[in-house]
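Report on the following structure.
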Amino acid sequence: MSFAFTEDQQLLAESADRFLADKYDFDARKAIRRGEDGWSREMWAAFAELGWLALPLPEEHGGLGGSTVDVAVLMERFGRHLVVEPFVATVVLGAEAIVRAGSDVQKAAILPAVAEGGMLLAFGVGEPQARFDLHRVATAARRDGGGWKLAGHKAVVLHADAADRLILSARTSGAEDDRDGITLFLVDPKADGVTLRPYPTVDGLRGAEVLLDGVSVGEADIVGGVGAGLPVIEAVIDRAMVLLSAESVGAMAETVRLTTEYLKTRVQFGQPLSSFQVLQHRLVEMLQAKEFAHALCYRAAGAMDTTDGVERARAAAGIKAEAGRAGKMIGQEAIQLHGGMGMTDEMAIGHYFKRMTMIDVQFGNAAHHLRRFATLS
Amino acid sequence: MELVLSPEDEAFRQEVRAFLKEKLPPDLANQSATGLRLGKDDHVRWQKILYEKGWVAANWPVEYGGTGWTAMQKHIFEEECAAAGAPPLIPFGLLMVAPVIMAFGNQAQKDRYLPRILRSDDWWCQGYSEPGSGSDLASLRTKAVRDGDHYVVNGQKTWTTLAQHADMMFTLVRTSDTGKRQEGISFLLIDMRSPGVTVQPITTMDGSQEINSVFLDDVRVPVENRIGEEGKGWTYAKYLLGHERTGIAGTGRSKAQLKRLKEIARTEMSGGRPLIEDPDFAQRIAQLELDLLSLESLVLRVLYAEKAGKGPGPEASFLKIKGTEVQQMLTELMMEAAGPYAMPFQPETFRDPQWNEEPAGPDYAPPLASVYFNWRKASIYGGSNEIQRNIIAKAVLGL
């Protein structure tokens, strides 16, 4: 049920809170980001140890069979601590595509390895001209003997620079914006013809442009059916949007908490800023936006496991729009209420603002998904 | 994001639907939803039908005649009643004073008032606000002076909703001028037929007569009509406000109104196309629908928390704020949807049940502007939305 948490979910929340409070405070995160990868392999091993990487994976492949609500509980905690490890890229996106569409061989080779922390994935479905359209795919896959050759450009692929395997969309037939004819391929990032242009993202993660120039892949590297990739991609992205929203809700909660603390301690005109009603009401509106986004987010998370098709897409579009709007409002207000201090890199608050803003940008912003929400009914 | 119901809940929904289909009198259905005004008899008639079925007091404990429903069942019931266009429950007795009597009244008061509330034998009204005491309610000055077995009450209450129908009024009065002003307030039940009670209607800008001034002039109220202890009325009033705020969200009715808004927007034309296809209007409806979904999700969470034994906390203030904002936006978009036909003022078409001439413009248009203007009250009553923000600032954020 999405309106009251189960005992297991409460236990997961408490243990995640405890672990992250202990190991992942703002200074620890700074140190992690300064490391070679921009995230911590040690932390990743700890996540695996805690069972977090296995959480949503099926039990027959080394997973714990958790629900989307379970993962949302975890993602909310990641949002509170601005976790930078490649959980979304590997577990939420990559592994989910394999769970939904992978062959038995692919599942056996990939899912247990992901659960144990031994394999990283990246999921590249965006393109430079596609903006937020998942079906606009120009990257081409052409028959080449018994296999395929890929050529094209996948845009802003989260954590591609660290991935052991890339899962990429390419067009096996049809025109650039046809819904049919899109196929998912497993690609080795070290294969001939793959060029990565890695970069840090504004909010402290890692990403890369993936350039494909005559990359050979075999029949066994196809995930799902030839030409049948789009429904898989849409299902994966719908669920990922809900989980990113859960992360954003966690960031919202922490942003409100930090801002409240700041207003209570910052003295101007001889009194704490928190004594001014004009500021109190702005803070209340931030909290209100977070509470409603939180409630809607868990409802949408519940819907991911019980609905399909248009109903599922509408739930995902709805929460993505809501989280985008709330995150932007809360972030902008938090900076304003912090005054000059809010502008500094030293304070955590700006980092929360940046993460919430980038979550809005990823997979379609609030305006895009509000429009979809209006159309999908 | 339809609610996913368990088989038991789905069966319950069907049971409620069947009941409404059979028992909701056609002349009462859809009246309030379309802006028509119901009379006292209409409301009482419907509430007595619910009473006969044992469904009038969803929120009461079973021992007092409540339903014993789960949170989800209460929600389903509200939603189905609203969808069928059933008259809204008049809250003052069933939802407001009854919980206070249950929590703080003595046995004699419970025996005397609760069964009559359950049967809708008494119509209650709420005597809180005064001309000088709105948001600053604790400054109230209506005075109750002890005289033997009675209080003699003098003062003026205002904004008293539907007092013209009322048999009883629950009232906050001042019994002491010393000490903290909250501690000088007592909670009295006043019989509206008592000598010295005068009800004077106040016409609101939409032309309706819902609210009143109530003048109290040497009204003798038996001491046995005081709830709990003298000087503790503020505590009881705060308890009541918590109950009022969860009910005030009104998601069932708002869902029904949203459906109606969409129907109107499909009928109205804009630029030669249905208004609902206008990108700007469609986006505003979508945003409203999202707000309503979020609201319903939080309402359900609060209801589930109540089931787990935690009463509605100060978070209930969020429900009041958002619930009333959603209601107001619905009335605003419906009025806008009607375009120029929002203008003709034809109150007889929706206030006079005997009226059957054609209105100027479409059938749905005449009440829309009146409802819009009337509904500006929602962010003012029940503790204005600014007062709700003060409550959250203090009680949740600790400012």
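Everything numeric in this text was worked out from a predicted model, so none of it was measured. Lettering of chains follows the sequences in order, A, B, ..., and the numbering in each one begins at 1. The figures that follow rest on heavy atoms only: side chains count, while hydrogens, waters and symmetry mates do not.
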State the [atom1]-[atom2] distance between [X] and [Y], to the nearest 0.5 angstrom.
| X | Y | atom1 | atom2 | result |
| --- | --- | --- | --- | --- |
| A/Gln277 | B/Arg389 | CD | CZ | 10.5 Å |
| A/Glu291 | B/Ile392 | CD | CD1 | 9.0 Å |
| B/Leu397 | A/Glu261 | CG | CD | 10.0 Å |
| B/Leu290 | A/Ile319 | CG | CD1 | 8.0 Å |
| A/Phe373 | B/Gln287 | CZ | CD | 9.0 Å |
| A/Gln288 | B/Leu319 | CD | CG | 9.5 Å |

What part of [X] is in contact with chain A, defined as an atom under 4.5 angstrom from a non-hydrogen atom: side chain, backbone, both or neither?
| X | result |
| --- | --- |
| B/Glu386 | both |
| B/Ile276 | neither |
| B/Ile285 | neither |

[atom1] of [X]: more than 12 outside heavy atoms within 6.0 angstrom?
| X | atom1 | value |
| --- | --- | --- |
| A/Lys328 | NZ | no |
| B/Trp159 | CH2 | no |
| A/Gln271 | CD | yes |
| B/Gln14 | CD | yes |
| B/Trp55 | CH2 | yes |

Quick one, [X] and [Y] - any side-chain contact, counting heavy atoms below 4.5 Å?
| X | Y | result |
| --- | --- | --- |
| A/His294 | B/Arg301 | yes |
| B/Asp291 | A/Phe292 | no |
| A/Glu285 | B/Ile321 | no |

Check your understanding: Which atom names give the shortest non-hydrogen contact between B/Ser294 and A/Ala295, and what distance separates them?
Key ->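 B/Ser294 and A/Ala295 have their closest heavy atoms at O-CB, 4.2 Å.
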Check your understanding: Considering all heavy atoms of both residues, which atom of A/Phe3 and which atom of B/Ser297 are nearest to each other, and what is their separation?
Key ->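 Closest pair (atom of A/Phe3, atom of B/Ser297, distance): CD2-O, 3.6 Å.
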Check your understanding: What residue in B/Leu295, B/Leu399, B/Val396 has the most heavy-atom pairs under 4.5 Å with chain A?
Key ->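 The candidate making the most pairs under 4.5 Å is B/Leu399.
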Review point. Step by step, would you call B/Asn390 with A/His281 a side-chain contact (heavy atoms from CB on, under 4.5 Å)?
Key: CA-CA 7 Å; B/Asn390 287 351; A/His281 283 198; 2.6 Å; yes
Exercise for review: Select, from A/Thr260, A/Leu370, A/Thr307, the one with the greatest count of heavy-atom pairs under 4.5 Å involving chain B.
Suggested key: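 With the most close heavy-atom pairs to chain B, the winner is A/Leu370.
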Practice item. Examine whether an atom of A/Arg257 lies under 4.5 Å from a heavy atom of chain B, and if so say whether it belongs to the side chain, the backbone or both; otherwise answer neither. Key: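 It is neither, since no heavy atom gets under 4.5 Å.
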